[in-house]
K.L.:
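Take this structure, written in structure tokens, and hold onto it; I'll ask about it next.
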Amino acid sequence: MYSKIHLTFALRQTLLVFENSRDNNHKKMPSVFELEFTYYKDAKEKLNITAVDTPQNLLDRSTFHEEWKTDLYLKDFYTKVEDSAMQMVLTFLPVVVQRIGPVKRVIDFGAGPTIHVSVCFRNTADELYLADYLPQNRKALQEWFDEKMDFDWSVPLKIIDTREGGNWSNIKNMEPAARKKVKGIYHCDCFEDPAIKCSEDLQGTFNVLVTIFCVEYCCNTFDEYKASIKNMSRQIALGGYLVMGGVFEETWCSFGGRNFTCLYITQEMMMEAFKEAGLSMENDKACVLYEVNGMYMVVAKKIE
Ligand SMILES: C[S@@+](CC[C@H](N)C(=O)[O-])C[C@H]1O[C@@H](n2cnc3c(N)ncnc32)[C@H](O)[C@@H]1O
């Protein structure tokens, strides 16, 4: 997905545990996972495949409604899952789910047409909710819910199952198990408050709000980014968690054959936004920041 890590190589599924959490004293020993990335990065440099320059004519969020192609997005990222950013998500999300443990309500905010977040939480959450900004993505989610989606999720499911310690014998039960817990599919907009168009009794009651590769692509400025994090945080119950995946220090991304803008965000900027939104990473064993070559997954707790 990202220009920074624009590797055409498929990153081998190492499926080895990578723990680089804040609660293990920032240990700096490279994990096997990091070494794998380094290996591919080196290979890329040796083959003289240089980073692609920022392309001209980047599309911004005003074009999402017309330019977002749901089927191309799924095809690009979830058929073979060769993209390193998606591999990062599928590698770390099952670990994050285990760190959080049993939970009542989980929402995937900016889910796109995807279901892997729901699948990851299928055994630990009581209720699952899906939300996206674009009608074409909500339509795809509804089709999945109605068992009418024409997309084969088996590659991502195998990655998740492997991370969970499975042997792929149970793959066919993963989607039904997730589907059974889905209680709603909603419109969401990170610039609005409330950010999720759900009933009043659900507002602010989500114990986990997951948002992956979403905020950076919607926001044009740091102020917008901070406001978006605040709006999402308001939907999280006190003591609940924000689980966010994204990329640091990137200015564009590519999917469905189109190049979109991406807001340049550093780790420090993200932490500042968390603080302003009442989110903390201190004193909680579920909180963690994984980062590999700028791609990250973070868990922060809603404390105020
Ligand atoms: C790159 S996709 C990520 C989809 C999915 N989370 C994944 O990891 O594959 C970004 C998503 O953000 C959604 N989005 C766009 N504008 C938004 C907004 N203002 N608020 C919330 N989500 C938005 C898009 O509809 C799209 O599904």
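Numbering of ligands and ligand atoms starts at 1, following listing order.
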K.L.:
Closer than 3.5 angstrom, by distance alone: can the side chain of Ser228 be matched with the main-chain N or O of Phe191 as a donor-acceptor pair?
P.N.:
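No; zero donor-acceptor contacts below 3.5 Å.
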K.L.:
Looking at Glu304 and Lys275, does any basic side-chain N land under 4.0 Å from a carboxylate oxygen?
P.N.:
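Here Glu304 does not pair with Lys275 in a salt bridge, since their nearest N and O are not under 4.0 Å apart.
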K.L.:
With heavy atoms only and a cut-off of under 4.0 Å, state how Cys218 meets ligand 1: side chain, backbone, both or neither.
P.N.:
side chain
K.L.:
Test your reading of the model: is there a side-chain donor-acceptor pair from Lys302 to the backbone of Ile236, 3.5 Å cut-off?
P.N.:
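Side chain of Lys302 to backbone of Ile236: a pair is present.
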K.L.:
Using a 4.0 Å cut-off to any heavy atom of Gly112, which atoms of ligand 1 qualify?
P.N.:
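By the 4.0 Å cutoff, the relevant atoms are 4 (C), 27 (O).
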K.L.:
Can you tell me if Lys181 has over 12 outside heavy atoms packed within less than 6.0 Å of its NZ?
P.N.:
yes
K.L.:
Which residue is it: Tyr296, Tyr264, Tyr290? I am looking for the one with a ring-ring contact (aromatic ring centres under 6.0 Å, His included) to Phe248.
P.N.:
Tyr296
K.L.:
Show the atoms of ligand 1 that are less than 4.0 angstrom away from any heavy atom in Phe109.
P.N.:
21 (C)
K.L.:
Quick one: which ligand 1 atoms are inside 4.0 Å of a heavy atom on Leu134?
P.N.:
25 (O)
K.L.:
Can you confirm if the NZ or CZ of Lys75 lies within 45° of the ring axis of Tyr78 and under 6.0 Å from the centre of its six-membered ring?
P.N.:
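No, cation not above the ring by the 6.0 Å, 45° rule.
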K.L.:
Of all the atoms in ligand 1, which lie at a distance below 4.0 Å from a heavy atom belonging to Asp189?
P.N.:
18 (C), 19 (N), 20 (N)
K.L.:
Considering distance alone, does some N or O of Ile212 sit under 3.5 Å from an N or O of ligand 1?
P.N.:
yes
K.L.:
Check whether Glu272 reaches the backbone of Glu268 with its side chain - one donor and one acceptor, N or O, closer than 3.5 Å.
P.N.:
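Between the backbone of Glu268 and the side chain of Glu272 there is no qualifying donor-acceptor contact (under 3.5 Å).
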K.L.:
How does Ala111 reach ligand 1, if at all, at less than 4.0 Å between non-hydrogen atoms: by side chain, backbone, both, or neither?
P.N.:
backbone
K.L.:
Regarding ligand 1, does Phe191 bring an N or O atom to under 3.5 Å of one of the ligand's N or O atoms?
P.N.:
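Checking ligand 1 against Phe191, no N or O pair falls under 3.5 Å apart.
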K.L.:
So, is Trp68 polar-close to ligand 1, with some N/O to N/O distance under 3.5 Å?
P.N.:
no
K.L.:
State the atoms of ligand 1, each with its element, that fall below the 4.0 Å cut-off from a heavy-atom position in Cys190.
P.N.:
18 (C), 19 (N), 20 (N), 21 (C)
K.L.:
Quick one: does Lys230's side chain get under 4.5 Å of Leu279's, heavy atoms only?
P.N.:
no
K.L.:
Out of Phe260, Tyr73, Tyr217, whose heavy atom is nearest to atom 3 (C) of ligand 1?
P.N.:
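Comparing heavy atoms across Phe260, Tyr73, Tyr217, the nearest one to atom 3 (C) of ligand 1 lies in Tyr73.
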K.L.:
Considering only heavy atoms, does Thr114 approach ligand 1 within less than 4.0 Å through its side chain, its backbone, both, or neither?
P.N.:
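For Thr114, only side-chain atoms sit under 4.0 Å from ligand 1.
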K.L.:
Closer than 4.0 Å to some heavy atom of Phe213 - which atoms of ligand 1 meet that?
P.N.:
1 (C), 2 (S), 3 (C), 8 (O), 10 (C)
K.L.:
Salt bridge or not for Lys183 and Glu127, using N-O below 4.0 Å?
P.N.:
no
K.L.:
I want to know if ligand 1 touches Tyr78 in the polar sense, i.e. an N/O pair below 3.5 angstrom.
P.N.:
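Yes, at least one N or O pair falls under 3.5 Å.
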K.L.:
Would you please indicate if the ring centroids of Trp68 and Tyr73 are separated by under 6.0 Å?
P.N.:
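Centroid separation for Trp68 and Tyr73: below 6.0 Å.
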K.L.:
Is Asn137 touching ligand 1 with its side chain, its backbone, both, or neither, if touching means heavy atoms under 4.0 Å apart?
P.N.:
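Answer for Asn137: side chain.
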K.L.:
Should you measure from each heavy atom of Gly110, which atoms of ligand 1 turn up under 4.0 Å away?
P.N.:
3 (C), 4 (C), 5 (C), 6 (N), 11 (C)
